[in-house]
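What follows is a single structure, written as structure tokens, with notes after it.
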Amino acid sequence: MKAISADRPHEPGWRAALDKARQAPRCGARARSGFACEAPAMPNGRCYRHGGASTGPQTPEGLERAARANWKHGRYSAKAIAFRRMLARTVRDLRAATRMVEEQ
């Protein structure tokens, strides 16, 4: 089949090429409009908008790297929470000891 020239769309064969393009499998994902997405599907069955190749990190190294990439300030990290609990416990113990000394 000859290539279709942009300036000669009436050339024979353009309709067959258009029919083939229209027969391509479609994505089918539900769009926000409520209708199915009509974009051509990739080999994985979804279009480039609704299902790219990446499924996120899978290995422990990749998961740890992703966690570090999302790190903001560390206030809610396990280490910071444990430190604040230890500090609160120390303050409670000191206040209790101060009360005991003042009562004597």
Side-chain angles (χ1 to χ4, degrees):
M1 184 174 169
K2 289 178 15 181
I4 300 170
S5 174
D7 60 340
R8 296 168 62 187
H10 57 278
E11 193 169 315
W14 68 271
R15 186 172 299 278
L18 186 59
D19 287 341
K20 271 189 179 177
R22 286 184 177 148
Q23 291 171 359
R26 300 297 161 176
C27 172
R30 286 279 159 224
R32 290 188 301 181
S33 65
F35 297 103
C37 175
E38 295 180 8
M42 297 186 295
N44 68 359
R46 294 294 188 192
C47 70
Y48 68 96
R49 287 184 219 110
H50 295 115
S54 177
T55 59
Q58 303 294 317
T59 62
E61 296 85 18
L63 291 168
E64 207 261 299
R65 189 172 62 241
R68 274 188 281 121
N70 290 326
W71 187 265
K72 300 290 189 273
H73 45 66
R75 180 177 181 150
Y76 301 105
S77 67
K79 189 175 178 181
I81 291 170
F83 177 75
R84 286 195 302 270
R85 284 183 179 157
M86 183 271 310
L87 200 59
R89 190 171 35 252
T90 304
V91 169
R92 275 194 307 271
D93 292 344
L94 286 172
R95 285 185 179 159
T98 304
R99 274 193 299 268
M100 283 177 39
V101 169
E102 288 175 350
E103 290 174 356
Q104 291 177 356

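The structure presented is a predicted model; accordingly, all values stated were derived computationally and were not measured. As a basis for the values below, the full set of heavy atoms in this structure was taken, side chains included, without hydrogen atoms, waters or symmetry mates.
Of all heavy-atom pairs between Tyr76 and Arg84, the closest is CD2-NH2, 4.4 Å. Closest approach of Gly74 to Ala80, counting heavy atoms only: O-CB, 3.3 Å. Of all heavy-atom pairs between Pro40 and Cys47, the closest is O-CB, 3.6 Å.
Annotation: the span from Gln23 atom CD to Leu18 atom CG amounts to 10.0 Å, rounded to 0.5 Å. A distance of 12.0 Å separates CZ of Arg95 from OG1 of Thr90, quoted to the nearest 0.5 Å.
Using a 4.0 Å cut-off between a side-chain N of Lys or Arg and a carboxylate O of Asp or Glu, Glu61 and Arg65 do not qualify as a salt bridge.
For the pairing with Cys37, the side chain to side chain contact (heavy atoms under 4.5 Å, CB included) check across Arg26, Arg30, His50 returns one residue only, His50.
Put simply, the side chain of Cys27 does not reach to within 4.5 Å of the side chain of Glu38, judged on heavy atoms.
Judged by distance alone, the side chain of Gln58 and the main-chain N or O of Gly56 form a donor-acceptor pair under 3.5 Å.
For Met86, the CE atom is densely surrounded, since the number of other residues' heavy atoms within 6.0 Å is greater than 12.
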